[in-house]
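A quick note: this is a predicted structure, and the numbers were derived from the prediction, not measured. Values reported hereafter were calculated over all heavy atoms of this structure, with side chains retained and with hydrogens, waters and symmetry mates removed.
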Amino acid sequence: MDKKKIIIISVCVVIALIIIGVAIYFISRSVTEAENENRLAKMYDRMMENETYRINFKLDDNNQYTVSRKGNMANVDTYRNGTHTTDIVKDGDTILLMYSTNKYYTYQNNELELTELSNQLDQIIQSQEPEKGREKIDGKTYRYEEYKSVSYFLINTDNPVSEENTNTRFYFDGDDLKYIRTIMGEESELVQVDTSYQVEDSIFEIPADFEEG
């Protein structure tokens, strides 16, 4: 092999090694950034970008609630021990729908539930840096972020809990929140989560078969 060919091969090898090194660097950097990313904060930012979201929190069929928001309107649809109610926030008022009687009640100048969920998430994110890890649920591994002294997402509240001794883990598949586990000492409650960023206007209307109570 002549000297010219040896030089060309050597240069090609060096270039290939540089390309491989650069690729490894960026892949490693990407993985590190993904590990350090605060997914709950990223979810919150997406929620607030257009103030439009729908999130279902489900313990079981009889105990779940769905928070929907679109701008200055909100709908909180709740099943608690099988009892179905809905709070609609619209025009600065809250309308309570009672499905057991098909009646509704209006509470004027009350829009607390419009921002209750987003305010809670913002408070959690701003209060501390989460502990991060991985955990397998139903055979699949999820990244989680755990926040101390948080009990807001507990659905079964029949027994009193101590906020300072209660932690909450948010489990993510990529950027999608899939589960929330509230940990109370040796006990815990696991809630399934489903999130959408599309909300229909019809859910902010009083059903036609409801009467004012």
Which pairs would a plain distance check flag for residues 177-192, meaning a side-chain donor or acceptor within less than 3.5 Å of a matching protein atom at least two apart in sequence or in another chain?
residue : atom : partner : partner atom : Å
Arg181  : NE   : Tyr171  : OH           : 3.0
Arg181  : NH1  : Ser188  : OG           : 3.3
Arg181  : NH2  : Glu135  : OE2          : 3.1
Glu189  : OE1  : Asn156  : N            : 2.8
Glu189  : OE2  : Ile155  : N            : 2.7

Rounded to the nearest 0.5 Å, what separates atom [atom1] in [X] from atom [atom2] in [Y]?
X: Asp87; Y: Glu111; atom1: CG; atom2: CD; value: 13.0 Å
X: Ser118; Y: Met47; atom1: OG; atom2: CE; value: 6.0 Å
X: Arg39; Y: Ile125; atom1: CZ; atom2: CD1; value: 13.5 Å
X: Leu97; Y: Ile88; atom1: CG; atom2: CD1; value: 4.5 Å
X: Arg134; Y: Thr141; atom1: CZ; atom2: OG1; value: 7.5 Å
X: Asn119; Y: Glu113; atom1: CG; atom2: CD; value: 12.0 Å

(message) What verdict does the side-chain contact (heavy atoms from CB on, under 4.5 Å) test give for Asp194 and Ile55, after you've listed the backbone C-alpha separation in whole Å, the side-chain angles of each residue and the deciding distance to 0.1 Å?
(response) CA-CA 6 Å; Asp194 180 68; Ile55 308 177; over 6 Å; no
(request) Can you spot which of Arg143, Lys42, Lys132 makes a salt bridge (charged side-chain N to carboxylate O under 4.0 Å, His left out) with Glu37? (result) Lys42
Sequence neighbours excluded, which residues qualify as side-chain contact (heavy atoms from CB on, under 4.5 Å) partners of [X]?
X: Asp60; answer: Asn62, Asn63
X: Asp45; answer: none
X: Glu205; answer: Lys90
X: Ser149; answer: Glu164

(message) Quick check: closest heavy atoms across Thr168 and Ser151, and the distance to 0.1 Å?
(response) OG1-N, 4.2 Å
(request) State, to 0.1 Å, how close Thr195 and Val193 come at their nearest heavy-atom pair, and which atoms those are. (result) OG1-CG1, 3.9 Å
(request) May I have all residue pairs that pass ring-ring contact (aromatic ring centres under 6.0 Å, His included) and include part of residues 108-136, sequence neighbours excluded? (result) none
(request) Quick one: which residue pairs count as a ring-ring contact (aromatic ring centres under 6.0 Å, His included) with a foot in residues 102-140, not counting sequence neighbours? (result) none
(request) Taking side-chain hydrogen bond (donor to acceptor under 3.5 Å, both in side chains) as the test, write out the residues that go with Lys136, two or more places apart. (result) none
Membership question, hydrophobic clusters at under 4.5 Å side-chain separation (ILVMFWY): are [Y] and [X] in the same one?
X: Met48; Y: Ile124; answer: yes
X: Leu40; Y: Tyr152; answer: yes
X: Val67; Y: Val199; answer: no

(request) Starting from Leu114, walk the hydrophobic network (Ile, Leu, Val, Met, Phe, Trp, Tyr; side-chain heavy atoms closer than 4.5 Å) and list everyone else you reach, by chain and number. (result) Val89
(message) Applying side chain to side chain donor-acceptor pair (under 3.5 Å) to Thr86 and Asp77, what does each step give before you reach the verdict?
(response) CA-CA 4 Å; Thr86 299; Asp77 191 57; 2.4 Å; yes
(request) Verify side-chain contact (heavy atoms from CB on, under 4.5 Å) between Arg46 and Tyr44, making sure each step is shown before the conclusion. (result) CA-CA 5 Å; Arg46 185 175 180 185; Tyr44 171 80; over 6 Å; no
(message) Please evaluate residues Asn110 and Asp93 with respect to the criterion side-chain contact (heavy atoms from CB on, under 4.5 Å), reporting the C-alpha separation (whole Å), side-chain torsions for both, the decisive distance (0.1 Å), and the verdict.
(response) CA-CA 5 Å; Asn110 184 338; Asp93 300 332; over 6 Å; no
(request) Give a yes/no verdict on a cation-pi contact between Arg169 and Tyr147, requiring under 6.0 Å between NZ or CZ and the six-membered ring centre and an angle within 45° of the axis. (result) no
(message) Check whether Ser202 reaches the backbone of Glu200 with its side chain - one donor and one acceptor, N or O, closer than 3.5 Å.
(response) no
(message) The criterion is ring pair (Phe, Tyr, Trp, His ring centres under 6.0 Å); which residues satisfy it with Phe210, sequence neighbours excluded?
(response) Tyr99
(message) Among residues at least two apart in sequence or on other chains, which ones pass ring pair (Phe, Tyr, Trp, His ring centres under 6.0 Å) with Phe153?
(response) Phe57, Phe170
(message) I'd like to know whether Tyr144 forms a side-chain contact (heavy atoms from CB on, under 4.5 Å) with Glu131, so could you lay out the CA-CA distance, the side-chain angles of the two residues, the decisive distance to 0.1 Å, and finally the verdict.
(response) CA-CA 8 Å; Tyr144 70 75; Glu131 176 185 314; 4.1 Å; yes
(message) According to side-chain hydrogen bond (donor to acceptor under 3.5 Å, both in side chains), does anything in residues 64-75 pair up with another residue at least two apart or in another chain? List the pairs.
(response) Glu51-Arg69, Asn56-Gln64, Asn56-Thr66, Lys70-Asp201
(message) Counting neighbours of CG on Asn81 that are heavy atoms of other residues, nucleotides or ligands and sit closer than 6.0 Å, is the number greater than 12?
(response) yes
